[in-house]
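Quick notes on the structure that follows.
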There are 2 protein chains.
Amino acid sequence: LGNIGNAITGVGAEARRLAKEDSRRIVHAFKVGLAVALVSLLYFFDFFFDGFGVNAMWAVMTVVVVFEFSVGATLGKGVNRAIATLLGGALGFAAHDAASYTGDKVQVILLGLSVFVIAVVATFCRFFPKMRTRYDYGLLIFILTFSLISVSGYRNDEVWDMAYGRLTTILVGCCATVLVCSLVRPVWAGEDLHKLTASNIQQLGTFLEVFGGVYFQEEAKDDKNQVLLNDYKSVLNSKGVEDSLTPLQHRAKIKEPCKMIISESSSALRELAMGIQTMTCSPSRDVHVVNAKSAAAKLKALMKTGLWPDADFLGIVPAVAVASLLTEVVLCTVKINEAVAKLAS
Amino acid sequence: LGNIGNAITGVGAEARRLAKEDSRRIVHAFKVGLAVALVSLLYFFDFFFDGFGVNAMWAVMTVVVVFEFSVGATLGKGVNRAIATLLGGALGFAAHDAASYTGDKVQVILLGLSVFVIAVVATFCRFFPKMRTRYDYGLLIFILTFSLISVSGYRNDEVWDMAYGRLTTILVGCCATVLVCSLVRPVWAGEDLHKLTASNIQQLGTFLEVFGGVYFQEEAKDDKNQVLLNDYKSVLNSKGVEDSLTPLQHRAKIKEPCKMIISESSSALRELAMGIQTMTCSPSRDVHVVNAKSAAAKLKALMKTGLWPDADFLGIVPAVAVASLLTEVVLCTVKINEAVAKLAS
C-alpha cells in the first residue's frame with residue numbers, strides 16, 4: 001500500500017514539475033479537451049437530428065489526431081489531412097467507378113490490385129526525406145482514404161454520398177481544431193524559437209563572466225558559480241580544461257587580455273540578447289565587439305612571445321586551450337553581431 | 001516540359017538511391033501493400049456476406065496506421081492500439097451506461113463533461129517523458145475510442161454490439177499486420193543496431209590509420225585518404241588540428257609513440273569489430289590493447305621532457321592536442337575492450 005502511495009505522489013510531483021516548466025502544457029490539455037468535447041456533442045446530437053450520420057465520427061477522429069501543441073504544426077497536419085482525404089477520396093472514387101463496369105470477379109481483382117499498387121507506391125514515398133518531414137501523415141491518410149473508398153462495396157451513388165459526407169465532417173473537424181488551437185491562447189513555434197535564442201545568448205554571456213571569475217580565482221568557488229560553470233563547460237564541451245589545471249602563476253600571465261575579452265564579449269552577448277528580445281538595436285554593442293576584437297589580437301601577440309620559458313608542456317596546454325577558446329568566442333560573437341545586424345536592417 | 005522531365009528523372013534517381021541504400025525499403029513497401037490489400041478484400045466481401053458490417057473499416061485503418069518498418073515497432077504499436085481500444089471502449093461503455101439512467105439534459109452534460117475530463121487528463125499524460133516514448137499513440141487511441149463510444153447516442157445494447165464489433169475488427173487488423181510484418185522478410189531493429197555498432201568501430205580503426213599516415217606525411221595526400229580523414233575529423237570534432245599545423249620537424253619528435261598507439265589501437269578496434277560481428281572473442285585483441293597502453297605511457301613521459309625548447313607556443317599546441325587526443329583514444333579503446341569482454345562472458 002505504501003508503494004502505491006509513493007508512486008502516486010511521484011506522479012503528482014512529476015506532473016507539477018511539467019506544469020511549472022511550461023504552464024502552456026496545462027492550457028494545451030484543456031484546449032484539446034474543449035475541442036474534443038465540442039465535436040463529440042456534435043456527433044451526439046447528430047443521431048437525433050440526422051445530419052451527418054455515422055460519418056460524424058470522422059470529425060471526432062480528426063480533432064483527436066490533428067490537434068498539436070503549436071498553431072503551425074496543427075495547421076500543417078490539418079492541411080495534410082484535408083488534401084490527402086480529397087486526393088485519396090477522388091482517386092478511390094475513380095477506381096471504384098472504373099471497376100464497376102467490369103464483371104464481379106474482375107472487379108475484385110482490379111480493386112485489390114489498385115489498393116496494393118497505391119499502398120506500395122505511397123509507402124515507398126514515405127522513405128523520401130523530403131516527403132517524410134512534411135507529408136508523412138498525409139501519405140498515411142491518402143492510403144487509408146483510397147482503400148476505404150475504393151473497396152467500400154457500395155453502389156456508385158452510395159459511394160458518392162459516403163465520400164461527400166466523410167469529407168465534410170473531416171473539414172468540420174479540421175476547422176474546429178484550427179479555430180480552438182489558434183484562438184484560445186495560441187502557441188507559435190516561431191515565437192518560442194525567438195525567445196529561446198535570446199535566452200541562450202544571454203546565458204552564454206553570464207557563463208562567460210562566471211568562468212572568468214573562477215578561472216582566475218578572483219571570486220570564491222561557491223556552489224552557485226560552480227553549477228553555472230558546469231553548464232558552461234557542457235556548452236563548450238571543454239572537459240580538458242579542468243582535468244589538469246595550469247598553476248595560477250602561469251595563468252596570471254594571460255589574465256589581462258583574457259579578462260578583457262570575457263567582459264567585453266559577455267557585455268556584447270547580453271546586449272545582443274536584449275536586442276533580439278525587444279527587437280531593437282543598440283549601437284553600444286558594436287563598441288563592445290570592437291574592444292573584444294582588439295583584446296583578442298593582444299592575446300594572440302602575447303602568446304607568440306616566450307611567455308612560460310621554464311614550464312613543462314602538459315601543464316601549460318590547458319591555459320593555451322583557454323586562450324584559443326576565448327579567441328574563438330570573440331570570433332563567434334562577431335558572427336552573431338553581424339547576423340543580428342543583418343536581421344535588424 | 002524539360003523541367004518536368006528533369007524532375008521525374010531526379011525523383012527516379014533518388015528512388016534508386018534509397019532502394020540501393022537499403023533494399024529492405026522496397027520489401028517493406030510491398031509488405032504494406034500486401035497487408036492493406038488483404039484486409040481491404042475482407043472489408044469488400046463483408047458487404048455481401050454481412051459479417052462485421054461497417055466496422056470492417058477499422059481493420060483497414062489499423063493496418064495502415066500500425067504497420068511499421070521493424071517487427072518490434074509494429075508489435076509495440078499493435079499492442080498499444082489493442083490495449084488502448086479495450087480500455088477506452090470499456091470506460092466509454094461505463095460512462096454511456098451511467099449517463100443513460102439520468103434525464104436527457106443531464107445526460108448530455110455528463111457525457112460532454114466526461115469526454116472533456118478524459119481528453120484533458122490523457123493529453124496532459126502525453127507530456128510525461130516516459131509516456132511519450134512508449135504510450136503516445138496509445139493515449140491518442142484511448143481518447144478517440146472513449147469519445148466515440150461514450151457519445152455514440154445509441155441505446156445500451158446497440159453500443160455493446162458496436163464496441164464488440166469494432167474491437168474484434170481492430171484485433172483482426174492488428175493480427176494481419178503483425179503476421180505479415182514478422183513472417184515476410186522480417187526486420188529486427190536489434191540486429192540493425194548490432195551491425196551498425198560493429199561497422200562504426202571498424203570505421204574508427206580505419207580512420208585512425210589513415211590519420212596517422214597523413215599527419216606524419218608518410219602517405220601521399222591523395223583524394224581517398226583526404227575524404228576518409230575528413231570523416232574522421234568530424235567524428236572526433238578536432239577541427240583545430242588542421243587550422244594551424246605544427247611544422248613537420250616538431251611533429252617528428254612525437255612520431256614513434258604516436259604511430260605505435262595508432263597501429264595498436266586500430267588493430268584492437270578492428271578485431272573488436274570483427275568479434276562483435278561474428279560473436280566470437282579473439283585473445284589477440286588484449287595484446288594490442290596492452291601495447292597501445294604502454295605506448296600511451298611512453299608518449300606521456302616524452303611530453304614531460306622539454307621536447308621543443310625553441311618553438312613558439314601557438315605552433316606547438318596542435319601537436320600537443322594530437323598527442324592528448326591519441327591518449328584519449330587509447331582510454332576509449334580500453335573501455336570498449338572491457339565492454340566487449342563483459343558482453344562475451
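Below, each value reflects all heavy atoms present in this structure, side chains not excepted, and no hydrogens, waters or symmetry copies. Chain letters run A, B, ... following the sequence lines, proteins first and then strands; every chain starts at 1. Just so you know, these numbers come straight off a predicted model, no measurement behind them.
In this structure, chain B has no heavy atom under 4.5 Å from any part of A/I141. Neither the backbone nor the side chain of A/V121 comes within less than 4.5 Å of any heavy atom of chain B. Interface remark: B/V117 contributes no atoms to any contact with chain A (heavy atom separation under 4.5 Å). For B/L113, no part lies near chain A; criterion is any non-hydrogen pair under 4.5 Å. If you measure heavy-atom distances from A/A35 to chain B, you find no contacts under 4.5 Å at all. Within the 4.5 angstrom heavy-atom criterion, no atom of A/A323 approaches chain B.
Residues A/F67 and A/K77 fail the side-chain proximity criterion, which asks for heavy atoms closer than 4.5 Å. Proximity of A/M61 to B/L144: side-chain heavy atoms (C-beta onward) are separated by under 4.5 Å at one or more points. Side-chain contact check for A/F146 versus A/V151: every heavy-atom pair is 4.5 Å or farther apart.
No side-chain donor-acceptor contact under 3.5 Å links A/R81 to the backbone of A/I170. Judged by distance alone, with hydrogens and angles left aside, the side-chain atoms of A/K31 form no donor-acceptor pair with the main-chain N or O of A/V180 at under 3.5 Å.
Of the residues considered (B/L148, B/V36, B/V32), B/L148 shows the highest number of contacts with chain A, using heavy-atom pairs under 4.5 Å. Interface check for chain A: of the options B/I143, B/V120, B/L140, the most heavy-atom pairs under 4.5 Å are formed by B/V120. Of the listed residues (A/A19, A/A119, A/A29), the one with the most heavy-atom contacts under 4.5 Å to chain B is A/A29. Of the listed residues (B/V60, B/L111, B/V39), the greatest number of heavy-atom pairs within a distance under 4.5 Å of chain A belongs to B/V60.
If you look at A/F128 and A/Y135, their ring centroids are not closer than 6.0 Å. If you look at B/H28 and A/F124, their ring centroids are not closer than 6.0 Å.
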